[in-house]
Protein chains: 2
Amino acid sequence: MDAAILEHSLKGGDGHQVPIDLPRFQQVVQYFKSQIANGSLTEHAPLPSERRIAEDYDISRMTARRALDALEAEGFVYSEDRRGRFVTPKRVSYDVSNMVSFVAEANSRGLALEIEVVRAMKSQADAILVEKLGLEPGAEVYAYTRLFRNNGHAIFVETEYVNAQRCPGFLEHDLHQSTTRLLEARYDLSASTGDIAILMRAATAEETSLLSLARNSAGIELTQIIRDASGRAFCFGRQFWRGEAARFSARAIVERSVND
Amino acid sequence: MDAAILEHSLKGGDGHQVPIDLPRFQQVVQYFKSQIANGSLTEHAPLPSERRIAEDYDISRMTARRALDALEAEGFVYSEDRRGRFVTPKRVSYDVSNMVSFVAEANSRGLALEIEVVRAMKSQADAILVEKLGLEPGAEVYAYTRLFRNNGHAIFVETEYVNAQRCPGFLEHDLHQSTTRLLEARYDLSASTGDIAILMRAATAEETSLLSLARNSAGIELTQIIRDASGRAFCFGRQFWRGEAARFSARAIVERSVND
DNA sequence: TGCGCAAGCTGGTATATACCATATAGTGTG
DNA sequence: CACACTATATGGTATATACCAGCTTGCGCA
């Protein structure tokens, strides 16, 4: 494709009208957005290289780069270092009100969810865990970090902490499965309530590399405290999601006072 | 401050150790992150200009820009066109399980929440509203868009749609207040359950300008369907938040089956 | 005193260029 | 056939430079 064809496309040749006074890099952004929207570029399809785009559209490589960086920041494409840029796949849905295992539920919906255990260790509760899990300072916890992929594409990384006293020998089990199930089957700990928090933040260095994110990119952190019927917390989890990878849903129910 | 002082700071002069093999723009990123973290730069404090940073740290302006763009993408600073860059204020908390008005609740917690009505009109339900509000195609709805500021800093923009038939004359009321309250007081419509969805996405053009976001930046969309006790939806809302402006929390409760 | 204009500052866009490190594919050799 | 090397392409970092548009400030004039 050459610049003339881009002009053609941008001016509405394929039915997509674009304001003509946009900066050039924004025109390229719009062009690829429309290509993704109309299905010309599908999930994981490679985009042209920076140099190719610069040449084709008669802009400098840095300008092409600005366009691609913008597409990446908005979540439309992801990049792999020295390999290329690719179209971001569709989001997965995560119902946080549903306290049964996300893993099991996702797989039953046809998702091909793979788990990679990054790290697993026993350690001592720090200040945060003391608060979240209601432990005494220095109490032992099992901590394990797992990377979750959907169809081979990394979507989030999770670190969970479980009370070691209540779950002896926890790490000896296979962690390539739903830990909610594990806790229920082996330790008779079943989730009754959960406190969930969601926020957008920058990825840490480890998250950046595990999720092959661009440097300095943001994503979604979801933390979860799981309690048993007596209200005691037995598991604390922190997930960091690629921002464009998920849609979180929840159900709220107004609590009626006892006088109702 | 000159380059030598930056080097000094980066190498641990102020107690902050930074890997020496980082790219130069990342060193600047780290430097400002630490300045924000240790309180040397507080909420809304101005950062040096691109040119000033370039000169002080002996890097080109484009490299300084890369650093500032990174800080902005990560949510640590926000920029105002041709005015400067400033430190992002602290997040506000939003409990989505709490179905009473966010506005009223936030103000009672000491937040100075201001509302600006951007648009208010009567229109006809499109396909999305037909589904979300359970209306017949072409049914009338009131639609209004409001911008919310905290201490003068824009944090999110919301568009709500209410069933016009159930809420006659809705737009004649003052929209600078909690609409949850309004619906309850004037139309006897009180929230019983809500379906909430949260996802990270790119800002639209209007959101970008209302929230004075950088071009192509991402934020958080929160949609909410509010239902009465009979399960009928009477209000659909869509909020778009600055990504770094909020922390959303929710409470999940496992639903026991009737056999329990 | 108050208004208006100009200068200087800011961020935003854009180009051209250079070099680096590595992923990938193609080539050649044992 | 298997392995090692090499050429090429890719994204990542960095510089120097130029111009634009609009916000702020301060100066000078009425």
Side-chain angles (χ1 to χ4, degrees), chain A residues 3 6 18-30 32 44-73 76-88 203 205 208-209 211-217, chain B residues 3 6 18-30 32 44-73 76-88 203 205 208-209 211-217:
Chain A
L6 173 65
V18 168
I20 50 167
D21 59 334
L22 281 178
R24 305 172 72 147
F25 85 92
Q26 286 285 3
Q27 295 182 28
V28 177
V29 167
Q30 296 280 48
F32 283 108
H44 301 293
L47 273 72
S49 72
E50 299 175 353
R51 290 169 177 85
R52 186 69 209 281
I53 291 173
E55 192 184 322
D56 287 353
Y57 304 161
D58 197 32
I59 55 180
S60 79
R61 187 185 154 205
M62 290 310 294
T63 304
R65 198 165 208 304
R66 287 170 56 72
L68 291 167
D69 283 349
L71 284 165
E72 184 165 359
F76 290 95
V77 311
Y78 64 95
S79 72
E80 294 194 11
D81 202 359
R82 267 147 286 199
R83 287 215 336 114
R85 288 186 169 84
F86 309 88
V87 178
T88 300
T208 299
S209 81
L211 297 174
S212 48
L213 288 166
R215 276 194 157 138
N216 312 102
S217 50
Chain B
L6 173 65
V18 168
I20 50 166
D21 59 335
L22 281 179
R24 305 173 71 146
F25 85 92
Q26 286 284 3
Q27 295 182 30
V28 176
V29 168
Q30 297 280 50
F32 283 107
H44 301 292
L47 273 72
S49 73
E50 298 175 353
R51 289 167 176 87
R52 186 70 208 281
I53 291 173
E55 192 184 321
D56 287 353
Y57 304 161
D58 197 31
I59 55 181
S60 79
R61 186 184 155 205
M62 291 309 294
T63 304
R65 199 168 206 306
R66 287 171 56 72
L68 290 167
D69 283 347
L71 284 165
E72 184 164 1
F76 289 96
V77 310
Y78 64 95
S79 72
E80 294 193 12
D81 202 358
R82 267 147 284 200
R83 289 217 333 116
R85 287 187 169 83
F86 308 88
V87 178
T88 300
T208 299
S209 81
L211 298 174
S212 48
L213 288 166
R215 276 195 157 140
N216 312 103
S217 52

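Throughout, a chain's letter reflects where its sequence line sits, starting with A, and its residues are numbered from 1.
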If I take atom [atom1] in residue [X] and atom [atom2] in nucleotide [N], what distance separates them, rounded to the nearest angstrom?
X     : N      : atom1 : atom2 : answer
B/L47 : C/dT10 : CG    : C1'   : 14 Å
B/R82 : C/dA7  : CZ    : P     : 20 Å
B/I53 : D/dT15 : CD1   : P     : 14 Å
A/D58 : C/dA16 : CG    : C1'   : 13 Å
B/Q26 : D/dT13 : CD    : P     : 7 Å
B/Y78 : C/dG11 : OH    : P     : 13 Å
B/R52 : C/dC9  : CZ    : C1'   : 13 Å
A/D69 : C/dT13 : CG    : P     : 13 Å

From [atom1] ([X]) to [atom2] ([Y]), nearest 0.5 Å:
X     : Y      : atom1 : atom2 : result
B/E50 : B/M62  : CD    : CE    : 8.0 Å
B/D69 : B/S217 : CG    : OG    : 11.0 Å
B/L47 : B/Y78  : CG    : OH    : 10.5 Å

By the 4.0 Å heavy-atom rule, please label [X] as base, sugar-phosphate, or nothing.
X     : answer
A/R51 : base
A/R65 : base
A/R24 : sugar-phosphate

Residues passing the side-chain contact (heavy atoms from CB on, under 4.5 Å) test with B/P23, sequence neighbours excluded, are A/R215, B/F25, B/Q26

On DNA chain C, more 5' by nearest nucleotide between A/I59 and A/D81 is A/I59

5'-most contact on DNA chain D: B/R66 or B/M62, nearest heavy atom basis?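 Nearest nucleotide further toward 5': that of B/R66.
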
side-chain N/O [X] vs [N] OP1/OP2, d < 4.0 Å:
X     : N      : value
B/S79 : C/dG11 : no
B/R85 : C/dG12 : yes
B/S49 : C/dC9  : no

Exam field: side chain A/R24 to backbone A/Y57, donor-acceptor pair closer than 3.5 Å: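 No, because the side chain of A/R24 does not come within donor-acceptor range (under 3.5 Å) of the backbone of A/Y57.
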
Any donor-acceptor pair, under 3.5 Å, between the side chain of A/R61 and the base of D/dG12, if you only look at N and O atoms?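 Yes, the side chain and the base share a sub-3.5 Å donor-acceptor pair.
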
